[in-house]
Amino acid sequence: MNLEDKLQLINQLRDTGSLAKEQWVSLLRERDEETADYLFQEARKIADKYYGNKIYVRGLIEFTNICKNDCYYCGIRRSNSNVERFRLTDEQIMNCCEVGYDIGYRTFVLQGGEDGYNTADRITGLIRMIKDRYPDTALTLSIGERTREEYQEWFDAGADRYLLRHETANEEHYRKLHPESLSLANRKQCLYNLKEIGYQVGTGFMVGSPYQTEENLAEDFLFIKELGPHMIGIGPFIPHHDTQFKDEKAGTLELTLFCIGLLRLMMPKALIPATTALGTISPQGREMGVKAGANVIMPNLSPVDTREKYLLYDNKICTGEEAAVCVGCLSNRMKNIGYEIVSARGDYYDYTK
């Protein structure tokens with residue numbers, strides 16, 4: 001494909017929101033710097049149309065690193081005996097929320113492994129405590145695959161959003177990344193259940209994960225288009241030294257940014273984070289993510305003494321920074337590229353609960 005053909009595909013994606021699988025593959029396989037520059041320019045225009053230069057912050061609270069699953073790429077997988085496990089108390093979680101609220105955060109994200117201690121009742125209690133004390137905030141859960149009934153109970157208790165990355169939409173690729181106990185079909189069904197219940201739903205995938213092909217990535221885009229999520233979180237695969245993928249190459253900044261731009265064109269109103277993983281593989285990664293079409297960042301509100309224990313991958317940034325220091329730094333960095341961190345819930349553009 002020549003440059004004109006690639007730009008036409010980008011224009012088609014911008015104007016229609018869709019491409020055929022073979023078009024996705026061609027665009028991904030034959031991407032180049034000129035194509036990327038044009039893509040990012042168009043992506044910024046679309047993000048600006050719906051959200052202006054506003055960047056929304058989500059206060060991330062990593063409240064347990066205990067997980068029953070054994071995903072081959074994950075640093076807190078069940079079989080990793082080198083992890084120092086932790087579980088925050090209700091009081092510690094509420095302290096994190098207090099710190100975040102005082103700084104100006106209006107979204108909290110409770111993220112953790114699939115920890116059997118976190119029964120439906122415990123999560124319901126946490127939701128009610130947080131929403132009772134901070135009724136003007138949005139609460140996001142990211143605690144894995146649960147039953148539809150549990151998802152419904154938590155939504156009724158006040159949870160607003162749910163993050164559940166599908167990681168890969170291709171069955172064969174999924175099997176290379178996960179043990180037999182996990183099912184891609186169930187993961188997808190969880191996402192559909194969440195959307196039907198009424199959550200603002202987030203999914204996403206790793207860029208450059210082991211065995212990934214352009215065809216796999218094309219299927220990720222097609223699945224996301226079909227699902228129609230409100231939030232899409234992607235980041236580069238980064239190996240962890242205590243997994244079987246420890247010697248695999250990391251995903252690249254270049255391809256991750258290209259995928260962010262494509263997602264913005266395909267899903268114009270989506271909330272797309274410039275992830276911590278982006279900032280981990282490049283000092284300017286999060287700024288570059290915003291300039292590629294992202295409009296969310298997720299500073300860490302977790303207690304400093306537990307952050308280094310919640311390592312899904314190696315060399316994670318900001319494990320030692322206090323939350324106020326971190327958001328102050330990010331605010332200045334966003335201003336330097338013409339964007340503004342705002343104190344707002346940052347809901348999906350036309351979402352009403």
Side-chain angles (χ1 to χ4, degrees), residues 56-69 74 76 85-103 105-147 150-165 190-191 193-194 197-204 229-231 233 271 273 275-276 296-307 309-312 316 318-319 323 326-327 345-347 353:
Y56 299 109
V57 288
R58 316 307 200 196
L60 182 63
I61 303 170
E62 297 161 337
F63 72 115
T64 176
N65 69 348
I66 299 167
C67 190
K68 69 178 184 181
N69 295 329
C74 184
I76 63 168
R85 304 291 176 174
F86 74 89
R87 183 185 288 138
L88 298 188
T89 65
D90 293 3
E91 182 181 11
Q92 286 176 304
I93 291 169
M94 294 308 294
N95 286 342
C96 293
C97 292
E98 182 179 2
V99 169
Y101 194 87
D102 289 346
I103 295 170
Y105 294 6
R106 294 299 178 264
T107 290
F108 302 124
V109 181
L110 286 182
Q111 178 175 292
E114 294 195 22
D115 180 354
Y117 178 79
N118 290 318
T119 62
D121 286 346
R122 187 196 181 213
I123 298 301
T124 297
L126 283 171
I127 293 165
R128 287 179 175 154
M129 276 195 295
I130 293 169
K131 296 293 278 194
D132 285 350
R133 190 174 301 180
Y134 306 107
D136 58 333
T137 62
L139 181 60
T140 302
L141 301 177
S142 182
I143 50 177
E145 299 176 19
R146 304 293 286 251
T147 66
E150 288 171 319
Y151 290 152
Q152 184 69 60
E153 178 180 329
W154 299 336
F155 185 76
D156 294 343
D160 301 278
R161 306 173 186 150
Y162 204 102
L163 304 178
L164 184 66
R165 284 187 175 187
C190 285
L191 285 162
N193 289 344
L194 289 160
I197 288 167
Y199 283 91
Q200 292 177 66
V201 176
T203 192
H230 307 89
M231 305 171 287
L271 293 153
T275 61
T276 302
V296 171
I297 53 176
M298 297 176 68
N300 202 327
L301 286 175
S302 308
V304 172
D305 64 349
T306 65
R307 290 186 206 174
K309 302 171 189 174
Y310 197 92
L311 293 183
L312 307 184
K316 182 179 173 185
C318 299
T319 56
C326 185
V327 76
R345 281 172 48 116
D347 289 295
K353 185 173 180 179

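Quick note: numbers below take in every heavy atom, side chains included, and nothing from hydrogens, waters or symmetry partners. Start at 1 with the first residue, then count along the sequence.
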Report the C-alpha distance between R122 and D90 in whole Å, list the side-chain angles of each, state the deciding distance to 0.1 Å, and finish with yes or no for salt bridge (Lys or Arg N to Asp or Glu O under 4.0 Å). CA-CA 9 Å; R122 187 196 181 213; D90 293 3; 2.7 Å; yes
For N69, enumerate each residue passing the side chain to side chain donor-acceptor pair (under 3.5 Å) test, keeping only those at least two apart in sequence or located in another chain. E114
Of all pairs that satisfy salt bridge (charged side-chain N to carboxylate O under 4.0 Å, His left out), the ones with a partner from residues 92-102, not counting sequence neighbours: none
Set of side chain to side chain donor-acceptor pair (under 3.5 Å) partners for D156, sequence neighbours left out: Q152
Main-chain N/O of N65 paired with R85 side-chain donor or acceptor, under 3.5 Å: yes
Using a 3.5 Å distance criterion without hydrogens, assess whether the side chain of T140 forms a donor-acceptor pair with backbone atoms of Y162. no
Test applied, side-chain contact (heavy atoms from CB on, under 4.5 Å); reference residue, D121; option that passes from I123, N118, T119: T119
Any donor-acceptor pair under 3.5 Å linking the side chain of R87 with the backbone of I66? no
Has R345 got a side-chain atom pairing as donor or acceptor with Y105's backbone, closer than 3.5 angstrom? no
Give a yes or no answer on whether the side chain of Y199 reaches the backbone of Y151 with a donor-acceptor pair at less than 3.5 Å. yes
Is a side-chain donor or acceptor of R161 paired with a backbone partner of L141 at a separation under 3.5 angstrom? no
Do the side chain of K68 and the main chain of G113 share a donor and acceptor less than 3.5 angstrom apart? no
